[in-house]
Participant: 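Structure incoming, see below.
Because only heavy atoms are used, hydrogens play no part in the values below, and waters and symmetry mates are left out as well, while side chains stay in.
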Amino acid sequence: EMLAAVVQGALRSSARPARRLLLRAEGLARSAYPRMRALGWAGRGRKAWSVGAASLSAVVAVKAAERNVEEVTDVAFEKEIKVGESSLKLVETGPRCMYNLCSVHMLVAYAVGLYIDGEAFDRVAESRGETSRAFVADDKDTSFESTLLNGDFAKSLRIVSIKNVNGEHMARGYEKHLKPRLNRLNKELGASKEYCEQQQKQLQQFIQIFKKRIGGLKPGSELIFSWRGDVLDIDFNGERLATIESKDVAWALFDAYLGHSPISSPAKQQFADGWSA
């Protein structure tokens, strides 16, 4: 029964937590051994433990192969996910840390994973590998950014919180990063006043989701932003919260993670490294 519980826990965990479960179960088995020997069960118990441990090790190996564990937060990300009708592949994961100080645990807010359409991932394989670490560090435009932001294929950002984050705080943060990007885009396009006003309404629709629908994140909360064409879908803990029909807002959100002055420089760097791998 103990081994069954451990295996079930491993199936729900990343590789590292599963190993911790294995060590815990091993300790329990050792502490129970004297009692088992007194009852004449020692041989059977030892054999059962050996078989069970081998089975759990196999489970851990399989789950590790299916997942990518973000190192700073220890959050596991599936290497392939299904969003709507799209099958997406993981490019890479990264942490979001206040002031980009990921060495200070209390400043680490969440882990974020970048996914793109599986077929597109394979199709643009030739352009991967061109990303230079120096280019990304210098915040210059790269094929990595251009392909991901301008490519006409499904893409998603999966965020998993590791601490309590207030909804108002998230709303202010996203508005701080998205509004200047939209203003710059409108200036480049020479957008009309009416167009800009409509765009700002769509931005506020996005911002209000954090204030009125989400309210805040708790450790383990999952937020997924999915962009395809002119549509941005927002899912929270497996529930579709909203669909915003604005390519501009979707672009600004993804540019905030992939473009100049990103929300998380460490995450952007790791996305670039994953892209070029």
Participant: Is any side-chain heavy atom of Tyr115 closer than 4.5 Å to one of Leu90?
Facilitator: yes
Participant: Let's go through Ile214 and Leu223 carefully: what are the C-alpha distance in whole Å and the side-chain angles of both, what is the deciding distance for side-chain contact (heavy atoms from CB on, under 4.5 Å) to 0.1 Å, and is it a yes or a no?
Facilitator: CA-CA 10 Å; Ile214 294 178; Leu223 186 62; 3.7 Å; yes
Participant: What I want to check is whether the side chains of Thr93 and Glu70 have a donor and an acceptor closer together than 3.5 Å.
Facilitator: no
Participant: For the CH2 atom of Trp251 and the CG atom of Leu149, what is their distance to the nearest 0.5 Å?
Facilitator: 7.5 Å
Participant: With hydrophobic residues grouped by side-chain heavy-atom distances under 4.5 Å, do Leu185 and Ile263 end up in a single group?
Facilitator: yes
Participant: Shared ILVMFWY cluster between Val231 and Ile81, side chains joined below 4.5 angstrom?
Facilitator: no
Participant: Would Leu88 and Asp117 count as a side-chain contact (heavy atoms from CB on, under 4.5 Å) if you check the C-alpha gap in whole Å, the side-chain angles of each, and the deciding distance to 0.1 Å?
Facilitator: CA-CA 4 Å; Leu88 308 180; Asp117 178 80; 4.3 Å; yes
Participant: Do the numbers put Arg213 on top of the ring of Phe236, so that NZ or CZ is under 6.0 Å from the six-membered ring centre and no more than 45° off the axis?
Facilitator: no
Participant: Counting only heavy atoms from other residues, nucleotides and ligands, does the tally under 6.0 Å from CD of Glu85 exceed 12?
Facilitator: no
Participant: Would Asn186 and Gln199 count as having a side-chain donor-acceptor pair, cut-off 3.5 Å?
Facilitator: yes
Participant: Do Leu114 and Val112 pass the side-chain contact (heavy atoms from CB on, under 4.5 Å) test, and can you show the C-alpha distance, the side-chain angles, and the key distance before you say yes or no?
Facilitator: CA-CA 7 Å; Leu114 172 64; Val112 54; over 6 Å; no
Participant: Side chains of Leu148 and Phe271, heavy atoms from C-beta outward: is any pair under 4.5 Å?
Facilitator: no
Participant: Taking side chain as C-beta onward, heavy atoms only, is Asn183 less than 4.5 Å from Gln200?
Facilitator: yes
Participant: Could you grab the distance from atom CD1 of Ile207 to atom OH of Tyr174, nearest 0.5 Å is fine?
Facilitator: 9.5 Å
Participant: So how far is it from Lys218 NZ to Asn164 CG, rounded to the nearest 0.5 Å?
Facilitator: 7.5 Å
Participant: By the definition salt bridge (Lys or Arg N to Asp or Glu O under 4.0 Å), identify the one residue from Lys155, Arg181, Lys268 that meets it with Asp255.
Facilitator: Arg181
Participant: Could you measure the distance from the SG atom of Cys102 to the CG atom of Leu107? Nearest 0.5 Å is fine.
Facilitator: 8.5 Å
Participant: How far apart are the closest heavy atoms of Gln205 and Thr243, and which atoms are they?
Facilitator: NE2-O, 3.9 Å
Participant: By the definition side chain to side chain contact (heavy atoms under 4.5 Å, CB included), identify the one residue from Gln269, Met98, Arg96 that meets it with Ser264.
Facilitator: Arg96
Participant: For atom CD of Gln204, is the number of surrounding heavy atoms from other residues, nucleotides or ligands below 6.0 Å larger than 12?
Facilitator: yes
Participant: Report the distance from atom CD1 of Ile116 to atom CG of Asp122, rounding to the nearest 0.5 Å.
Facilitator: 8.5 Å
Participant: Please test Phe225 against Leu253 for side-chain contact (heavy atoms from CB on, under 4.5 Å), starting from the C-alpha separation and ending with a verdict.
Facilitator: CA-CA 9 Å; Phe225 302 120; Leu253 175 62; 3.5 Å; yes
Participant: Please report the shortest heavy-atom distance between Gln202 and Ser246, naming the atom on each side.
Facilitator: OE1-OG, 3.0 Å
Participant: Is Leu101 reachable from Met106 through a run of I, L, V, M, F, W or Y residues, each pair having side-chain heavy atoms under 4.5 Å apart?
Facilitator: yes
Participant: Count the heavy atoms of every other residue, nucleotide or ligand shown that sit under 6.0 Å from CD of Glu245, and state whether that count exceeds 12.
Facilitator: no
Participant: Counting only heavy atoms not in Lys247, do more than 12 sit closer than 6.0 Å to its NZ atom?
Facilitator: no
Participant: Testing Glu78, Glu92, Lys79 for side chain to side chain donor-acceptor pair (under 3.5 Å) with Asn68, which one passes?
Facilitator: Glu92
Participant: Around atom NZ of Lys82, are there more than 12 heavy atoms of other residues, nucleotides or ligands at under 6.0 Å?
Facilitator: yes
Participant: For Asn237 versus Gly220, what's the shortest heavy-atom pair and its separation?
Facilitator: OD1-O, 4.5 Å
Participant: Going from CG on Leu258 to OG1 on Thr147, what distance comes out if it is rounded to the nearest 0.5 angstrom?
Facilitator: 11.0 Å
Participant: Please give me the minimum heavy-atom distance between Val249 and Leu182, naming the atom from each residue.
Facilitator: N-CD2, 4.2 Å
